[in-house]
Amino acid sequence: MGSKQASFYESVQRNFDKAAALTNLPKGLLAQIRACNSVYQMRFPVKIGNKYEVIEAYRVQHSHHRSPTKGGIRFSSHVNQEEVMALASLMTYKCAIVDVPFGGAKGGVKVSPRGYSPEELERITRRYTVELIRKNFIGPSVDVPAPDYGTGPREMAWILDTYMTFNPREIDAAGCVTGKPVNQNGIRGRTEATGRGVFYAVREFFSYKEDMKKLGIEPGLEGKTMVIQGLGNVGSYTGTISQKEGGVRVIGVSEIEGTIVSDTNIDIEKLLRYRKQKGTILGFPGTKTLKDRKDWVKIECDILVPAALESQLHKDNAKFVKARVIAEAANGPVTADAEAILLKKGCIIIPDMYCNAGGVTVSYFEWLKNLSHMRFGRMEKRFNQNSRTMLLDKIETMTGKTITKRDRSIIAKGADEVDLVRSGLEETMVTAYANIREISKRKRSVKDMRTAAFLSALEKVANDYMTLGVFP
Ligand code: NAD
């Protein structure tokens with residue numbers, strides 16, 4: 001690598017400043033929005049084998065303009081304070097863009113999950129939760145964690161159980177964390193939510209014929225080629241849903257063990273099963289392995305999806321990118337330096353704070369479900385089903401024609417929780433895209449989608465601060 005790369009936090013702050021310069025908001029207000037309000041750095045001992053290890057961990061609450069604050073917990077050996085601050089800042093903007101009424105937060109535990117047994121990870125997670133409880137950094141009305149890189153429903157269940165042990169009489173305790181298993185106060189559709197949201201974001205981008213014409217891109221997703229870096233939660237659902245519902249061809253996948261390519265279409269569902277069996281994506285039938293794993297950036301495709309970690313496209317490799325569209329499924333995968341190079345080349349970057357907001361959107365639905373103590377659809381599903389059946393019966397008697405069993409089951413179906421979650425997520429992603437697009441059109445000075453997304457967030461967060469009377 002060449003000279004110093006912009007750090008993740010620097011990139012977020014530089015992008016903020018670029019957008020802030022285009023607003024008329026008071027300087028003090030902008031400084032308040034930009035700053036991280038509370039940074040809790042902790043060290044705690046956990047018994048691993050017959051020794052004690054001192055674990056380094058963080059929880060950052062970036063903005064309290066709305067309560068609770070919200071953001072995932074990352075388990076990774078690369079965790080550091082600046083990274084968590086960058087991720088917490090992004091959460092504030094992300095929530096504002098998709099109209100989810102939370103402030104931004106993020107947590108990080110500096111451990112590599114591969115290096116510990118499930119029992120050890122459970123001890124670490126529970127001890128981290130206790131630290132959060134002790135400092136009032138968790139609670140349904142205070143700060144609500146969720147999964148992120150290296151964590152999933154299992155860790156969220158441990159967090160819930162620990163929180164409930166310390167707060168046995170709190171009626172809304174289940175809302176202290178989201179991304180929980182469905183049978184432990186979770187919500188159907190949360191696990192796939194971020195990837196599904198990425199799919200909606202990409203689909204929306206390609207759906208505007210007039211915009212595509214200007215860019216010289218064929219509208220529509222069908223047949224477009226995609227390369228994915230990182231086949232974890234976000235990357236795998238982005239791939240499967242884009243293939244199944246968008247007709248996208250995935251022609252490259254990059255993971256820790258290497259990068260595979262295909263001339264046709266890599267079936268992501270089959271690849272996931274293969275990886276589970278063999279422990280690697282390499283050797284998957286119908287694919288070739290690239291000599292250098294890092295060459296995933298060079299693959300010629302329509303949509304490049306970095307879905308692993310931040311700073312994957314940086315100033316030294318951005319020039320090799322051949323894709324026209326980069327969908328930021330991960331947080332911060334493109335550094336500010338790389339972005340300048342990519343924009344110059346005519347690339348379009350669908351920014352993280354919009355592109356991967358599906359996770360927090362469905363987390364919001366889960367939190368609402370926990371506070372209402374009722375599954376979505378429970379009250380109205382049967383009622384809708386019965387009244388639609390009556391209507392279909394009436395149509396049959398009036399027209400003398402028979403409606404097929406299949407049509408009946410489709411038309412009369414009452415919405416289940418997962419149907420409502422998907423529909424709410426789709427609505428959110430479609431509306432947010434329209435809002436970002438409208439800002440790009442209204443403000444001539446806005447040249448890229450990230451700046452437009454930032455402006456959408458800044459307008460809303462600033463408005464909240466003014467409503468609070470903090471900046472009259
Ligand atoms: P995950 O742990 O489920 O998966 C990440 C995958 O990336 C793993 O399979 C890992 O092996 C792979 N990976 C790591 N480094 C790599 C490299 N250099 N090259 C190729 N592959 C690599 O994590 P996730 O939850 O899917 O999160 C991925 C990204 O999406 C993160 O940036 C996270 O902050 C962001 N994100 C996640 C969610 C969520 O709901 N989980 C929501 C919003 C944003």
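This structure is a prediction, so every number in the text was calculated from the model and none was measured. Ligands are counted one by one from 1 in listed order, and the atoms in each one are counted from 1 as well. What's counted below: heavy atoms across the whole structure, side chains too, no hydrogens, waters or symmetry copies.
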At less than 4.0 angstrom from any non-hydrogen atom of [X], what atoms of ligand 1 do you find?
X      : answer
Gly150 : 2 (O)
Gln312 : 18 (N)
Ser254 : 20 (C), 21 (N)
Gln229 : 17 (C), 18 (N), 19 (N), 20 (C)
Arg74  : 31 (C), 32 (O), 33 (C), 34 (O)

Heavy-atom distance to [atom]: which of [options] wins?
atom                    : options                        : answer
atom 22 (C) of ligand 1 : Pro147, Gly72, Ala308          : Ala308
atom 40 (O) of ligand 1 : Thr194, Val234, Val253, Asp148 : Thr194
atom 44 (C) of ligand 1 : Ile256, Thr238, Asn331         : Asn331

Answer yes when [X] and [Y] have at least one side-chain N-carboxylate O distance shorter than 4.0 Å, and no when they do not.
X      : Y      : value
Lys224 : Asp302 : no
Glu417 : Lys369 : yes
Arg66  : Asp464 : yes
Glu310 : Arg74  : yes
Arg293 : Glu255 : no
Arg196 : Glu245 : yes
Asp352 : Lys94  : no
Asp211 : Arg437 : yes

Check each heavy atom of [X] against ligand 1 and say whether those closer than 4.0 Å belong to the side chain, the backbone, both or neither.
X      : answer
Arg114 : side chain
Ala329 : backbone
Asn356 : both
Ala146 : neither

Please say whether [X] places an N or O atom under 3.5 Å from an N or O atom belonging to ligand 1.
X      : answer
Asn233 : yes
Leu87  : no
Arg293 : yes

Short side-chain donor-acceptor distance under 3.5 Å, Asn370 and Asp172: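 Not at all, the side chains of Asp172 and Asn370 share no donor-acceptor pair under 3.5 Å.
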Within 6.0 angstrom of Gln41 CD, more than 12 heavy atoms from elsewhere: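 More than 12 within 6.0 Å, yes.
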Residue Lys322 excluded, over 12 heavy atoms near NZ under 6.0 Å: yes
4.0 Å heavy-atom contact, [X] with ligand 1:
X      : value
Ala307 : yes
Glu310 : no
Arg190 : yes

Name the closest protein heavy atom to [atom], giving the residue it belongs to and the distance to 0.1 Å.
atom                    : answer
atom 4 (O) of ligand 1  : Gly232 CA, 3.1 Å
atom 9 (O) of ligand 1  : Glu255 OE2, 2.5 Å
atom 14 (C) of ligand 1 : Tyr149 OH, 3.1 Å

Parallel, tilted or perpendicular: ring planes of Phe44 versus Tyr128, cut at 30 and 60 degrees: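 Correct class here is tilted.
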Validation row, ring centre Phe454 to ring centre Tyr93 under 6.0 Å: yes
